[in-house]
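To find a chain, count down the sequence lines: A is the first, B the second, and so on, and within it residues start at 1. Because the structure is predicted, anything quoted here is derived from the model rather than measured.
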Amino acid sequence: MSAEQSRAFGRQILPVAGIGLVGVLPVLLGGSNSLLNIAVLIGIYFIVCIGLSLIFGIGGQLSLAQAAFYGIGAYTSALFTTKLGAPVLLGFCAAALTAGVIGWILAAPILRLRTVYLAMATLAFGEILITLIRENRGLTGGSTGLLNLPAPAVGPFAFDTPLSYYYLVWTVALAAAWVARNIIRSRIGLGLRALSDTEIGAASCGVDVARFKTWMFTLGAVLAGIAGALFVHYITFISPDSFSVSFSILMVMILAIGGRDSLAGALLGAIAVTVLPILLASYDRYSELIFGVLFLAAVMFLPNGLAGAGSSLVRRLTVSARSSGERASD
Amino acid sequence: MTEPHILSVEGLTRRYGGVVAVDGLTFKVRRGTITALIGPNGAGKTTTLNVISGITPRSGGRVFLSGEDATDLRADQICRRGMARTFQTPQVFRSLTVRENLVVATMRLGTTSIAAAAFRTARLRKEEEGFRRSADEWLDWVGLAHCADRPIGSLSFGQVRMAEVARVLASKPDIILMDEPASGLSRAETQTLRSVLLRIRDAAITVLLVEHNMPFVMSTAEHVVVLDKGRFLAEGDPAAIQADAAVRNAYLGRG
Ligand SMILES: Nc1ncnc2c1ncn2[C@@H]1O[C@H](COP(=O)(O)OP(=O)(O)O)[C@@H](O)[C@H]1O
Ligand SMILES: [Mg+2]
């Protein structure tokens, strides 16, 4: 099998394996609710990070607005369903739409900024939003938030157990990953990588830099908005604490640990930041310290994250397997 | 095609604070020629290319492409009008392979619909396959076919320059601007570049060449425009320019 063929084979087998694993994972977890809770959270982080890997990982624009769009989606759906009594699935659509429209409006002025200035501006946007939410007590419940959010339902079937919610979240996550993967592989994906290398070079090659950035920022906002809505209807309450700047930083950490330029990186990072603190919980006071040290080590020694380390390991293994195979056939 | 001049620059001016980098420059480029823009270091050649190609805003003057006003267009809009360029310091995409660098340059051709990309439609797949094939043809044209799958950062400097030339061709331009394409090349690479330039011209693509290497300019270009301190100094065929006293002064006066 040539390298080209094996890559094509990998492209076909990986999605099938991924869908299969998502399908049978609850069985492997023995139906444990606490493990399913973790899997739901990983799925929600993954959805947010798929968007971030398009705008930041591929496009090179460091946005710290993911928490804000996550919050916009969450509050939109919460208000739609509690104040207007809309069905939750409609609330999800409204969440995606509202986050997307705000993202699209914000994109033009904010994406003219670059590097640390962009990071600061997107951070400020998040701070303004949190303040608005806290101060509009009548609508949002202020710091206390809103309680008793309903579960999504299709006809008589409600997604009100960890197992059913797991399948809902991961269906959305896989759909988002499929779309993102298509974009990354397309000419638009190449254009995004190009503009992150040199905007002048990309523009001279016909890449409409502002338009490409706007698309990715908007798509990232939509995904974060859906993820936020999925999150609050799972835990059934909403308060501003979940949407602080630290959430945006956590999302960037996920890409730093997992690898910023592939979807596998977003997934591995989401697993790492969710599972590690639980594994480290027994160290009590030192757990955060150990997490911090591990994070530092990952960033320092794995420049392309866990995904990069994994793929270079696979490459080394196949090369050595091939050369030993050649030796054997000599 | 009634307009014999594919590019026409009128009174182009660009100031940087107190420095007038380009000062009321007027010149024309005839369709199908290799025209050189020369001048001493700091004469304003790169700035002229930057303003024409939409990278730097002008302070004054106008730019016409095939008789149509193309002043103040963005770089990607200029590219869509059929003008492509190379850079004094190559602006290649280090995170991409050589072939992918060329595919980016096809952006003005075909569709760039985000919806088609998101759902990877059959039509899009077919189109992108065609762009990859045409990228390979251009790489073959400049002798880089064997490098198609390599990261562009792994190429030698001369190969990177040539890859940038191939990338420009991949956008199927009517006119190419080149900023010192021979600088940093070996003698053999410069020969290859000359033959590629002549083949580009034979393919009915106009070239505006900014170049330092005088023997190279004189043996490649058929028309030469001379710039000094941002101003038009002289123009003519290579022999006339070499004989021109004012041009000699401009060069010798500054070493
Ligand atoms: N970005 C810039 N900011 C300030 N001055 C500039 C800038 N770019 C060019 N200049 C000045 O404009 C003049 C022309 O520069 P340039 O166009 O690079 O000349 P050339 O390409 O002919 O060597 C020089 O004096 C240079 O210092
Ligand atoms: Mg120059």
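- In this structure, no portion of Arg125(B) lies under 4.5 Å from any heavy atom of chain A.
- Only the backbone of Ser113(B) comes within contact range of chain A, judged by heavy atoms closer than 4.5 Å.
- Among Ala194(A), Ser196(A), Gly191(A), Ala180(A), the residue making the largest number of heavy-atom pairs under 4.5 Å with chain B is Ala194(A).
- To the nearest 0.5 Å, the span separating OG1 on Thr89(B) from CD1 on Ile200(A) amounts to 10.5 Å.
- Contacts between Asp197(A) and chain B at a heavy-atom distance below 4.5 Å involve the side chain alone, from C-beta outward.
- To the nearest 0.5 Å, atoms CD1 (Ile188(A)) and CD (Glu128(B)) are separated by 8.0 Å.
- Between Arg211(A) and Asp76(B) there is no salt bridge, since no side-chain N of the basic residue sits under 4.0 Å from a carboxylate O of the acidic one.
- Taking the side chain as every heavy atom from C-beta outward, Arg193(A) and Phe93(B) never approach each other to under 4.5 Å.
- For chain A, the nearby part of Val92(B) is the backbone; its heavy atoms alone come within less than 4.5 Å.
- Residue Thr121(B) does not touch chain A at all, counting heavy-atom pairs closer than 4.5 Å.
- Proximity to chain A (any heavy atom under 4.5 Å) is shown, for Glu100(B), by both the backbone and the side chain.
- Interface residue Thr112(B): backbone and side-chain heavy atoms are both found under 4.5 Å from chain A.
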ask   = Are Arg120(B) and Ser186(A) close enough, and set up right, to give a side-chain hydrogen bond (donor to acceptor under 3.5 Å, both in side chains), and what steps lead you there?
value = CA-CA 8 Å; Arg120(B) 204 159 180 75; Ser186(A) 74; 5.9 Å; no

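- Across Thr106(B), Val103(B), Val168(B), the residue that shares the most heavy-atom pairs under 4.5 angstrom with chain A is Thr106(B).
- In this structure, chain A has no heavy atom under 4.5 Å from any part of Ser171(B).
- Proximity of Arg167(B) to Cys205(A): side-chain heavy atoms (C-beta onward) are separated by under 4.5 Å at one or more points.
- Looking at Glu127(B), only its side chain comes within 4.5 Å of chain A, counting heavy atoms on both sides.
- Proximity to chain B involves both the backbone and the side chain of Ala202(A), based on heavy atoms less than 4.5 angstrom apart.
- Contacts between Phe87(B) and chain A at a heavy-atom distance below 4.5 Å involve the side chain alone, from C-beta outward.
- For the pair Arg74(B) and Asp208(A), the minimum side-chain heavy-atom distance is below 4.5 Å.
- Shown here is Arg199(B), whose CZ atom has more than 12 heavy atoms of other residues, nucleotides or ligands within 6.0 Å.
- To the nearest 0.5 Å, atoms CZ (Phe119(B)) and CD1 (Ile183(A)) are separated by 8.5 Å.
- The part of Ile55(B) that comes within reach of chain A is its side chain, from C-beta onward, which places non-hydrogen atoms under 4.5 angstrom from that chain.
- Taking CD1 from Ile114(B) and OG1 from Thr218(A), the interatomic distance works out to 9.5 Å, rounded to the nearest 0.5 Å.
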